[in-house]
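Here's the structure we're looking at; comments come further down.
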Amino acid sequence: MKTGIPVFISVEELQLHRILLSEAYAPEVLDYHGADFRQRGELTFKGSAELVGSEIRVRGHLATRLEAPCDRCLGAVEIPIERDVDLFYRPMQEIAREEEVEISPDELDVSFYEGDGIALADVVTEQVILAVPMKVICHADCKGLCPVCGANRNLEACACQEPRRESPFSSLLER
Ligand SMILES: [Zn+2]
Ligand SMILES: [Zn+2]
């Protein structure tokens, strides 16, 4: 279902009916705001949006493949992303009104929308960024790069000596 027109989830339309969402985004279409990964292959989102009180609820399944550099050796690591989402977006105008109301802990991850609704592209972009692991490592036993010559120690054994750490006890240990 490719229309080429960015999908906008509008409150006006949601007041009439639920919106079914089925979109595919090619790589380079979504803007990840300078994130340290690239989208490899299509990103698909299938789900629906509905109005729950004044909140927009977006539910669905998101799938894509990303590529990010290994934190240790900088080699490319493929990261498959499969994520079920169930998100609530509250109108920004309500913040002012609720200023005095304490936000309960389970409400901390409620997002907000401004104006007439939200762009599906913004929803999926945010979810992809959240799905990327904090640490990206190609293999649990990745040896990383040599701090002296920069060689990839997974591929070659260089002859460098690790720079010795100067500690007040080093002279004692060498005796
Ligand atoms: Zn690595
Ligand atoms: Zn080296």
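For reference, positions follow the sequence shown, starting with 1. Order of appearance sets the numbers: ligands from 1, and atoms from 1 within every ligand.
Under the 6.0 Å cut-off for aromatic ring centres, Phe112 and Tyr89 do not qualify, their centroids lying 6.0 Å or more apart.
Annotation: Glu12, atom CD; neighbour count of heavy atoms from other residues, nucleotides and ligands within 6.0 Å does not exceed 12. Within 6.0 Å of the CD atom in Glu82, the count of heavy atoms belonging to other residues, nucleotides or ligands exceeds 12. In the displayed structure, His61 atom NE2 is contacted under 6.0 Å by more than 12 heavy atoms of other residues, nucleotides or ligands.
Rounded to 10°, the angle that SG of Cys142 and SG of Cys70 form at the Zn ion (ligand 1) is 110°. Rounding to 10 degrees, one finds that the Zn ion (ligand 1) sits at the corner of an angle of 110° between Cys138 SG and Cys73 SG. To the nearest 10 degrees, the angle centred on the Zn ion (ligand 2) between SG in Cys146 and SG in Cys160 reads 110°.
None of the N, O or S atoms belonging to His139 lies under 2.8 Å away from the Zn ion (ligand 1).
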